[in-house]
Amino acid sequence: MITAPKAEVLQGTLDLLVLKTLDTLGPLHGFGIARRIQQISEDALLLNQGTLYPALVRLEQRGWIRSKWGVSENNRRARYYSLTKAGRKHLTVEAQSWERMASIITRVLAGAEEA
Amino acid sequence: MNWLHQIVFRLRAVLGKRKRDRVLDEELQTHLALLVEQNVARGMSLEAARREAKLSLGGADQIKESVHDHRGLPFLETFIQDLRFALRMLRKSPGFTAVAVLTLALGIGANTAIFSLINAVLLRTLPAAHPHELVLFSETPMGGANSGEQTGHWMFFSNDNYTYFRDHSESFKEMCAFQSGWTNLNLRLVGTSARPEVAHGRVVSGNFFSLLGLNPSAGRLFTSQDDQLGAPPTVVLSYLYWIRRFHQDSSVIGNPAEISGATYTIIGIAPPGFFDIKYDRTDLWIPLAFQPQVMSTESYANDPQEYWLNIMARLKPGVTLRKAQAVVNNQLKQILATQAHPETVQQIANSYITLAPGAYGISYIRITYEEAIQVLAGIVAIVLLIACANVANLLLSRSSARAQEISIRLSLGATRARLIRQLLTESILLAALGGAFGILGARWGVELLASMVTGSSSIVKSSVNARVLLFTAVVSLLAGILFGLVPALRSSRADLATQSKGSAGSRLRFGFANGLVVFQIAACLVLLIGAGLFLRTLQKLADQVLGFDEDHIVVARIDPWRAGYSPAQTPALYQALIDRAEAIPGVVSATVSYTEPLSGSSWTSNFSIEGAPSGSWRDRIVHKELVGPHYFETEGIPIILGRDIGPQDRPSGLLVTVINETMAKKFFPGANPIGRRFSLGAPFNDKEAMTIVGVAADARFYSLRDPVPPMEFCAAFTVPDDSSHSASYAQAVEVRVSGNPRGIATEIRTALSQVAANLPVTDVFLLDKRVGEALQQNRSAAELSSAFGTLALLLACIGIYGTMSYRVSRRTHEIGIRLALGAQPSDVLWLIARECLILLAVGIFFGVPIALASTKIIAAQLFGVRATDPWIFAGVAILLTLVALLACYIPARRAMKVDPMVALRYE
């Protein structure tokens with residue numbers, strides 16, 4: 001199955017996506033997070049699912065998520081990640097700055113087009 | 001605080017590594033399984049599902065590595081990895097490791113030993129509170145007193161001076177004064193039957209201990225109350241003396257002790273580790289107010305012109321040494337201007353005080369040996385550099401053996417930085433091993449070193465402490481980087497593999513190896529020239545004509561002053577001693593003297609000549625000696641004019657003296673001094689004047705290298721009765737023997753001890769022992785510099801041998817061709833030798849200017865030889881040439897024996 005080339009995901013945006021996912025869906029295991037990200041981006045993001053794990057370690061290191069053992073829907077033992085308070089705060093701040101950035105770029109591009 | 005959280009996280013990860021690895025494994029497996037399930041649910045076959053799942057997840061190992069980089073401390077982990085690998089590599093080549101570690105152990109160990117010495121002698125501060133606030137008024141190791149006028153550099157102060165400075169001390173928080181010398185005292189515990197024993201005592205002001213901020217280890221220390229006239233006499237003992245004499249018996253505190261006739265109460269013990277500000281050997285301290293009794297003189301407090309105290313002060317916060325010095329010198333000028341004896345403007349302008357930092361006290365050892373130790377430090381640093389050069393060369397030769405391994409690692413994706421880091425780890429490991437062995441060697445060597453440099457090893461007991469270990473660690477680390485960096489850089493080059501095949505070899509790499517050898521040769525040149533200069537100095541000094549016959553004279557030390565003899569009783573005592581000594585078979589003659597030649601004490605005085613103008617009597621200084629009859633005959637000093645001191649010079653006779661040649665030439669030029677008279681001090685005093693009855697040849701009484709000063713030898717038997725100064729007593733009996741003096745020494749001791757029951761003979765030795773002591777510093781300089789120079793030469797020799805061996809093995813192919821084409825073995829020999837000689841020539845070319853510059857540093861310690869002596873330079877160059885040729889002899893012979901057929905096939 002050949003897929004169209006997908007955009008590379010920057011480290012920071014991956015972190016943001018993970019946090020957002022956990023915020024929306026609550027505690028989730030690695031596979032679930034990966035699947036959700038693929039779903040949202042409608043497969044537009046190139047995500048070697050393995051690159052998720054270093055990101056998860058990084059986020060845990062920064063204290064934005066925490067992990068513990070749990071049981072998945074089909075009775076498998078899996079490691080579940082959840083958002084911490086600091087992580088939720090970081091998500092809010094980062095999301096706002098992204099939106100601001102996006103709106104600026106949009107306006108610039110729109111302005112360029114108009115000119 | 002994010003980074004803090006990160007660090008904690010990483011540290012925890014290091015500790016729980018295995019568990020987390022397992023967790024990650026499980027997670028990945030779960031993820032994979034879920035992916036497979038998802039794919040199967042989408043309709044793929046199990047196998048296709050698995051394949052797609054694996055592709056989707058990515059390589060498990062890559063994931064794990066990526067996670068690792070975020071977890072744990074990758075730096076630490078790779079370092080441990082490198083360390084393990086380095087250990088393995090070193091174990092695999094034990095010969096190389098042994099040679100490298102031994103070389104480094106020698107170099108680093110020598111540096112550790114010298115640093116221990118530096119630590120013990122130069123870096124030891126007084127155990128006082130805030131030692132760096134302390135200043136000394138003129139730091140001088142001399143102890144004694146000046147009477148009369150003082151000009152120039154003021155080193156001693158009178159009681160009045162001290163009071164003035166203390167009352168006007170705007171720059172100082174506090175000030176104390178202490179006797180500049182010390183006094184030998186008899187101490188006996190009252191109420192016991194023990195004999196009195198000798199102790200070193202010093203009088204100090206009442207605030208001596210409080211200024212230093214010391215606490216007693218038992219009892220209490222002085223307060224200013226103890227230092228008043230009429231206060232009850234008190235004494236403080238030093239800790240070591242308390243242990244040595246009283247075995248730490250705390251019952252002595254509060255008890256009276258009889259010291260030189262007066263009774264003092266022992267009030268306390270000084271803290272352990274405090275050995276006094278000056279000289280390090282004081283056994284007891286007594287308040288200044290008791291100076292007359294302790295020193296058996298009149299009270300110096302009443303004499304404004306008796307200068308005998310040293311002063312130490314503590315700076316006020318914010319006051320610099322320079323500012324305080326300016327203030328003090330102003331005060332000095334005011335003192336002089338308002339003194340009772342008017343001083344000339346010239347004298348006031350010439351007088352000055354220098355303030356020196358007091359943190360280190362006045363250690364006789366430090367002041368005497370500071371320069372020697374610094375020179376030694378320079379020498380061993382150079383030896384270490386030579387050792388590093390050797391190891392660097394070894395590493396370079398080894399790198400070509402490892403070329404294959406390195407090129408494989410490079411091709412497998414290792415970065416050059418990673419390789420360099422690993423190679424450096426090997427180097428540092430070598431250096432660390434060398435350092436560890438070096439410390440072991442240094443512990444043994446430092447005592448030997450100390451006794452060679454300073455004459456005793458006591459100062460470096462327990463000297464290998466934390467600071468020394470830290471020093472060794474730092475030196476090892478730096479050495480490892482120094483010798484390992486360039487080989488690591490070269491080894492990790494990607495094109496190494498292609499280079500190692502060619503037999504011509506890379507010119508560039510040999511350039512560095514050659515550079516190392518050139519450096520070693522130059523460094524050896526410098527060290528050996530230094531050693532040569534020291535050896536020649538020693539030889540010249542030892543060959544000095546002393547002027548007296550040190551090989552046949554036995555000296556016995558006595559102390560009639562402390563035994564209580566009055567001046568009137570001394571002539572009979574001296575005669576009894578002389579007669580007893582001369583009765584011993586084998587003794588040619590005996591006499592007494594104030595002190596024996598080269599004893600280290602001297603007594604100088606101004607003097608005034610009868611009939612000569614009294615101006616500038618300050619420059620008229622004579623060294624005094626007190627001698628008995630037939631002195632010059634006994635010492636073997638020829639009399640040039642007039643006569644020796646003889647039995648006719650009795651008490652109540654004429655005061656007579658014999659002067660030496662220098663005195664005659666300087667103060668009675670062109671005239672006959674016999675019959676002339678002079679008196680000590682100024683102006684000329686007829687009653688105390690001495691008549692010159694003879695002129696003796698010059699002899700070296702004080703120094704082997706300084707010119708002989710003017711000396712006068714006055715007759716001991718004719719000392720006036722009212723001078724009870726300790727210096728007007730003879731302290732030595734000198735006995736001339738006809739045969740070997742060694743055999744008779746004990747007999748002399750026994751015989752003299754029997755003369756008077758209360759006059760013990762404290763020491764008996766041969767006079768040449770004093771000569772040996774005078775030469776001791778120069779001897780140790782020569783021995784140590786030779787030892788280290790030889791070590792450096794050995795290392796350089798090994799270095800040359802190694803390099804030439806390696807060169808030969810690289811050129812075997814070329815040599816084979818040459819031989820096959822008809823070259824003689826001797827041509828090949830010349831080929832190799834020529835390379836060696838070129839290296840030597842370049843080394844000498846660079847070494848000579850460096851040596852010329854370096855020997856200037858030690859020029860002050862040389863004697864009889866110039867710092868640029870061409871014979872020594874030439875001699876060392878020839879020695880180096882011979883050693884270098886010897887070193888390349890074996891490789892050259894190996895080159896000669898190359899079988900052309902084998903060589904041509906070798907590729």
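Scope of the values below: all heavy atoms of this structure, side chains included, with no hydrogens, waters or symmetry mates. Chain letters run A, B, ... following the sequence lines, proteins first, then strands; residues in each count from 1.
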Return yes when atom CZ of B:Phe79 has more than 12 non-hydrogen atoms of other residues, nucleotides or ligands closer than 6.0 Å, and no otherwise. no

Which one wins on heavy-atom pair count under 4.5 Å against chain A: B:Leu32, B:Leu28, B:Val23, B:Leu55? B:Val23

Name the region of A:Arg77, side chain, backbone, both or neither, that has any atom closer than 4.5 Å to a heavy atom of chain B. both

First locate atom OG of B:Ser56, then atom CD of A:Gln38, and finally report the distance between them rounded to the nearest 0.5 Å. 5.5 Å

Work out which heavy atom in A:Phe31 is nearest to a heavy atom in B:Gln38; give both atom names and the distance. CZ-OE1, 3.4 Å

For residues 78-94 of chain A, the salt bridge (Lys or Arg N to Asp or Glu O under 4.0 Å) pairs (sequence neighbours left out) are A:Asp23-A:Arg88

Spacing of CD belonging to B:Gln29 relative to CZ belonging to A:Arg76, to within rounding of 0.5 Å: 10.0 Å

Write down the atom of B:Thr30, the atom of A:Ala78, and the distance for their closest heavy-atom approach. CG2-CB, 4.1 Å

Are more than 12 heavy atoms, taken from residues, nucleotides or ligands other than B:Phe437, located less than 6.0 Å from that residue's CZ atom? no

Answer with side chain, backbone, both or neither: which region of B:Gln62 has an atom nearer than 4.5 Å to a non-hydrogen atom of chain A? neither

What salt bridge (Lys or Arg N to Asp or Glu O under 4.0 Å) pairs are there with at least one residue in residues 24-34 of chain A, not counting sequence neighbours? none

Within the structure provided, determine whether B:Leu34 and A:His29 are in side-chain contact (heavy-atom separation under 4.5 Å). yes

From A:Leu56 atom CG to B:Glu27 atom CD, the distance as rounded to the nearest 0.5 Å: 7.5 Å

With a sphere of 6.0 Å drawn around CZ of B:Arg409, does it hold more than 12 non-hydrogen atoms of other residues, nucleotides or ligands? yes

Determine whether B:Glu26 and A:Trp69 make a side-chain contact, defined as any pair of heavy atoms from C-beta on separated by less than 4.5 Å. yes

For the student: nearest non-hydrogen atoms of A:Tyr53 and B:Leu24, plus distance: CD2-CD1, 4.1 Å

